[in-house]
Amino acid sequence: MTEAFGRVLVLGGIRSGKSEYAEALLTGAPRVTYLATGPSRDDDAWAERVKAHLARRPEHWTTEEVGGALTDRLTDEAALLVDDLGGWLTAAYDAVGWEGQVDPDPLVAAVAARRGPLVLVSPEVGLTVVQATESGRRFTDSLGILNRRLAEVCDGVVLVVAGTPVWLKGTPPDRATLHRRSRTAPVRTRATPGVVVSGVELTELPDPFDPTTMGMPDEDAREAARDRLATLDVAGPGLGGLAETVAVAGGQQGTTAPVEYTDVRLVLLNSVGDDRPAAGEGVYPLLADRAGVRLEIVELAAEEADPVHADVLTAKEVSAAIDRGRALAERAVDGGADLLVLGTLADAGTPAAAIVSLLTGAEPPALLARVATADGHVDDNTWMARAATARDSLRRIRAAARDPRSLLASLGGTELAVATGVILAAAARRTPVVIDGPLGVTAGLLARDIAGQTRHWLLLLDHGGHPTVKLGADVLGLYPVLDLKLGLGEGANALAALPLAQTALALGAALTSDVEPADED
């Protein structure tokens with residue numbers, strides 16, 4: 001059983017606190033549907049009980065009274081909370097008659113097939129006295145058998161006694177895993193170019209960052225996903241170079257059969273005042289639309305300092321920019337994003353080369369890509385000017401501190417600090433980030449030096465042939481899915497390659513295999 005948060009069975013006696021604990025498991029999820037199985041009846045005590053339950057739930061939760069019609073509702077893409085199975089079983093017996101039989105197989109199969117957050121509340125009846133009536137004995141026997149069978153297919157089982165949860169199977173999910181998105185078939189939405197988010201001020205700062213709480217992908221699931229691909233029912237040798245992409249996704253999703261990402265967000269950074277193309281035009285919205293990716297343009301204030309002569313940011317500005325990036329990632333994940341793509345309209349090659357040079361020992365000129373003019377000719381003069389800027393910037397700070405925040409203040413700038421914050425927050429929430437270009441790979445290296453686990457949540461689809469990206473990716477242990485040397489722009493390269501990675505995930509999940517997924521044992 002993996003630690004991925006999926007299906008949890010919450011057991012408990014009357015007034016044990018099982019419902020409150022079940023609701024707490026889904027607190028913070030962007031969309032929750034509460035499936036109430038209790039019958040509607042003219043009973044003042046029952047009405048008060050229902051009212052108390054409603055008052056506890058967040059306002060954005062949706063409540064549906066399903067009674068015995070529960071099985072078909074388990075395919076909903078929202079996180080689901082079923083309260084409770086005793087009510088469902090009662091409704092099922094009312095439908096067939098208490099002399100009949102209720103078949104639990106369809107419900108158990110639906111729970112086993114579910115890949116999204118599902119919390120089931122059920123009474124624990126095995127500790128009570130034997131019922132005096134035939135119908136009572138039939139109910140307790142049937143519910144006991146149902147609980148046992150559901151416990152076999154659920155990822156976690158918890159018994160709540162006197163308000164205290166005791167986990168019988170699995171481990172209590174942390175804050176990050178509580179926010180895992182549904183793993184159902186993706187629903188593609190058209191991109192929304194032109195959505196601009198002001199990054200100048202934050203109305204609410206994220207919680208202080210604690211790198212010790214950051215989780216790691218499930219290495220067992222990664223290896224099992226790789227092994228499973230070797231058994232797929234295909235005519236040829238399989239996914240080839242794309243197999244590693246599926247394996248990495250398996251570890252990040254915590255399953256042997258990872259599925260397509262269902263809500264991908266491109267965070268496109270744009271410094272206001274720079275002479276750059278309009279962010280809502282051109283290649284980005286076109287590729288985002290074709291890939292089913294939501295485009296979020298983040299406008300940032302451009303700094304004016306020259307790194308050759310002075311620091312580009314103060315320590316306070318670095319912290320504010322990192323917090324800004326963390327807030328952007330937190331909001332995206334809270335909104336349902338299960339994959340982020342980092343992009344920028346800036347040419348971040350010079351500061352990236354300087355920082356990567358310090359972090360790896362490589363010479364700055366070796367990390368600078370050749371510069372081409374609009375007519376396709378190589379511009380050696382501009383390349384030499386950039387090499388001189390990187391050299392002189394490094395000379396200025398040769399005696400300065402080399403920690404990530406100091407490097408961001410000395411050389412990096414606002415966009416790089418924001419990108420670093422995005423990676424830190426996404427990794428803390430167990431959400432992968434596609435880096436694409438010198439800004440992304442440099443932010444990945446800086447985030448790694450703040451919290452080493454972040455590199456395990458990074459993906460690279462095409463290095464574009466850029467020397468800084470190739471070296472930085474090698475240091476981070478990232479291997480590109482493609483080697484097309486795309487030069488469409490940082491973030492745009494990833495959008496062009498993403499559909500192929502999604503196709504690999506779709507094939508890996510849909511094709512039959514002789515290996516059973518580990519989280520369904």
Side-chain angles (χ1 to χ4, degrees), residues 197-212 214 267-274 298-331 340 342-359 389-390 393-394 396-428 433 435 437-455 458 468 472 490:
V197 179
S198 173
V200 177
E201 295 181 0
L202 289 175
T203 57
E204 183 177 352
L205 290 174
D207 295 332
F209 180 71
D210 183 2
T212 63
M214 186 175 292
V267 180
L268 184 61
L269 306 179
N270 179 41
S271 290
V272 179
D274 283 4
V298 183
E299 292 192 344
L300 307 171
E303 60 271 355
E304 299 179 357
D306 183 351
V308 173
H309 303 291
D311 288 354
V312 294
L313 296 176
T314 66
K316 184 177 180 180
E317 288 170 336
V318 168
S319 294
I322 290 176
D323 284 342
R324 189 179 308 161
R326 290 178 55 214
L328 287 167
E330 290 275 357
R331 188 181 65 177
L340 300 182
L342 261 178
T344 179
L345 293 173
D347 182 352
T350 304
I355 292 175
V356 173
S357 172
L358 277 177
L359 296 177
T389 296
S393 299
L394 292 175
R396 180 182 66 81
I397 67 166
R398 60 183 178 273
R402 303 296 176 86
D403 64 279
R405 292 176 182 271
S406 296
L407 291 179
L408 285 168
S410 301
L411 305 171
T414 302
E415 289 193 1
L416 189 52
V418 170
T420 303
V422 168
I423 292 173
L424 288 171
V433 180
I435 56 175
L439 178 133
V441 77
T442 306
L445 288 168
L446 292 169
R448 176 207 62 174
D449 288 349
I450 295 174
Q453 304 96 315
T454 55
R455 71 182 185 88
L458 299 177
T468 296
E490 186 158 348

Would you name the heavy atoms of [X] and [Y] that are closest together and state the gap between them?
{"X": "Val356", "Y": "Thr442", "result": "CG2-OG1, 3.6 Å"}
{"X": "Val418", "Y": "Leu269", "result": "CG1-CD2, 3.9 Å"}
{"X": "Val422", "Y": "Gly325", "result": "CG2-O, 3.3 Å"}
{"X": "Leu340", "Y": "Ala426", "result": "CD1-CB, 3.9 Å"}
{"X": "Ser357", "Y": "Leu394", "result": "OG-CD1, 3.9 Å"}
{"X": "Thr350", "Y": "Ala390", "result": "CG2-N, 4.1 Å"}

As an exercise, state the distance from [atom1] of [X] to [atom2] of [Y], rounded to the nearest 0.5 Å.
{"X": "Arg405", "Y": "Asp449", "atom1": "CZ", "atom2": "CG", "result": "12.5 Å"}
{"X": "Ile423", "Y": "Thr454", "atom1": "CD1", "atom2": "OG1", "result": "7.0 Å"}
{"X": "Ile355", "Y": "Leu446", "atom1": "CD1", "atom2": "CG", "result": "5.5 Å"}
{"X": "Leu407", "Y": "Leu358", "atom1": "CG", "atom2": "CG", "result": "6.0 Å"}
{"X": "Leu445", "Y": "Leu359", "atom1": "CG", "atom2": "CG", "result": "6.0 Å"}
{"X": "Ile435", "Y": "Arg455", "atom1": "CD1", "atom2": "CZ", "result": "12.0 Å"}

With distance as the sole test, does [X] use its side chain to make a donor-acceptor pair with the main-chain N or O of [Y] at under 3.5 Å?
{"X": "Glu490", "Y": "Gly440", "answer": "yes"}
{"X": "Glu415", "Y": "Thr344", "answer": "no"}
{"X": "Arg396", "Y": "Ser410", "answer": "yes"}
{"X": "Ser393", "Y": "Thr389", "answer": "yes"}
{"X": "Arg402", "Y": "Arg398", "answer": "yes"}

(request) Evaluate the side-chain proximity of Leu458 to Arg448: yes if any heavy-atom separation is below 4.5 Å, no if none is. (result) no
(message) If you define the side chain from C-beta out and look only at heavy atoms, does anything of Leu424 sit under 4.5 Å from Ile450?
(response) yes
